[in-house]
Amino acid sequence: MSQIIILSIFLPLLFQLTVGSYSLAKKDTINFYTIFTISIISHVILSVFIFFYNVKIIEKQEIQCMNPMIGLVLFLLFLSIVLFLLFVIQFISKLHLDKKEKNVHSN
């Protein structure tokens, strides 16, 4: 069960990478900003779920030290930054593609 939860941390990142890239390649798909919003919301929901799940596990094992939670929070923060950077990279490439497409149509 814990392996599935650990893997679920990466789902919003993988969703943004695959569906966001597909959205940039195909113009008639889901809006790029909608995909980013879905990724952010799912990342927040999964992060909260994983945080409380780990708190429950730590309480069940009667561990007094909460240092593993600090590591989890920092890792989730790192993944948030990576998700945002991925969005910025995709957004810049979207702007570049739109600019290139406008130049082709204007010539």
Side-chain angles (χ1 to χ4, degrees):
M1 178 73 175
S2 63
Q3 290 87 4
I4 293 172
I5 291 174
I6 291 171
L7 288 175
S8 69
I9 293 173
F10 295 102
L11 286 178
L13 188 64
L14 291 173
F15 177 78
Q16 178 67 36
L17 182 64
T18 56
V19 179
S21 298
Y22 182 76
S23 172
L24 290 176
K26 307 285 184 187
K27 296 293 181 195
D28 55 340
T29 59
I30 301 173
N31 187 355
F32 180 69
Y33 304 106
T34 305
I35 294 169
F36 179 67
T37 305
I38 291 169
S39 296
I40 289 294
I41 291 171
S42 62
H43 177 71
V44 169
I45 290 171
L46 285 172
S47 296
V48 169
F49 173 74
I50 290 167
F51 180 80
F52 285 114
Y53 177 77
N54 282 335
V55 166
K56 200 169 238 184
I57 287 175
I58 287 175
E59 287 175 351
K60 218 182 254 187
Q61 294 177 353
E62 297 177 3
I63 298 173
Q64 300 297 324
C65 180
M66 293 298 254
N67 283 343
M69 296 309 294
I70 295 171
L72 177 66
V73 169
L74 290 177
F75 182 67
L76 292 173
L77 180 65
F78 172 74
L79 284 179
S80 299
I81 292 169
V82 169
L83 184 63
F84 182 72
L85 287 175
L86 180 63
F87 169 74
V88 168
I89 291 169
Q90 287 179 337
F91 181 73
I92 290 171
S93 67
K94 177 180 172 41
L95 290 177
H96 180 68
L97 288 173
D98 288 346
K99 184 178 177 184
K100 192 182 223 183
E101 189 174 287
K102 284 180 184 178
N103 288 340
V104 169
H105 290 299
S106 66
N107 289 336

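Here, residue 1 is the first one in the sequence, and each next residue gets the next number. This structure is a prediction, so every number in the text was calculated from the model and none was measured.
Placement of Leu13 and Val48 within a single hydrophobic cluster is found when ILVMFWY residues are connected by side-chain heavy-atom separations under 4.5 Å, directly or transitively. Under the 4.5 Å side-chain heavy-atom criterion for ILVMFWY residues, no single connected hydrophobic cluster contains both Ile45 and Leu7. Hydrophobic clustering of Ile, Leu, Val, Met, Phe, Trp and Tyr side chains at less than 4.5 Å, counting indirect connections, unites Ile50 with Leu79. When hydrophobic clusters are built by joining Ile, Leu, Val, Met, Phe, Trp and Tyr residues whose side-chain heavy atoms come closer than 4.5 Å, directly or via intermediates, Phe78 is grouped together with Phe10. Hydrophobic clustering places Phe49 together with Met69 (ILVMFWY residues linked when any side-chain heavy atoms are closer than 4.5 Å, directly or through intermediates).
Going from atom OG of Ser42 over to atom CG of Leu11 covers 8.0 Å, rounded to the nearest 0.5 Å. To the nearest 0.5 Å, atom CD1 of residue Ile35 and atom CZ of residue Phe87 are 10.5 Å apart. Here Asn31 contributes atom CG and Ile38 contributes atom CD1; the two are 10.0 Å apart, rounded to the nearest 0.5 Å.
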(Q) One pair to check against side chain to side chain contact (heavy atoms under 4.5 Å, CB included): Leu83 and Ser39. What are the steps and the verdict? (A) CA-CA 8 Å; Leu83 184 63; Ser39 296; 4.2 Å; yes

Q: List the steps, then state whether side chain to side chain contact (heavy atoms under 4.5 Å, CB included) holds for His43 with Ile40.
A: CA-CA 5 Å; His43 177 71; Ile40 289 294; 5.5 Å; no

Q) Taking it one step at a time, do Phe75 and Ile9 satisfy side chain to side chain contact (heavy atoms under 4.5 Å, CB included)? A) CA-CA 10 Å; Phe75 182 67; Ile9 293 173; 4.0 Å; yes

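Phe36 pairs in a side-chain contact (heavy atoms from CB on, under 4.5 Å) with only one of the listed residues (Phe91, Phe84, Phe15), which is Phe84.
The two atoms that bring Ile58 and Cys65 nearest to each other are CG2-O, 4.3 Å, heavy atoms only.
The neighbour count for Ile30 CD1, taken as heavy atoms of other residues, nucleotides or ligands under 6.0 Å away, does not exceed 12.
Considering only heavy atoms from C-beta on, Asn54 comes within 4.5 Å of Ile57 through its side chain. Using a 4.5 Å heavy-atom cutoff, the side chains of Gln16 and Gln90 are in contact.
Formation of a donor-acceptor pair under 3.5 Å by the Ser21 side chain with backbone atoms of Thr18 is not found in this model. The closest donor-acceptor contact from the side chain of Ser80 to the backbone of Leu76 lies under 3.5 Å.
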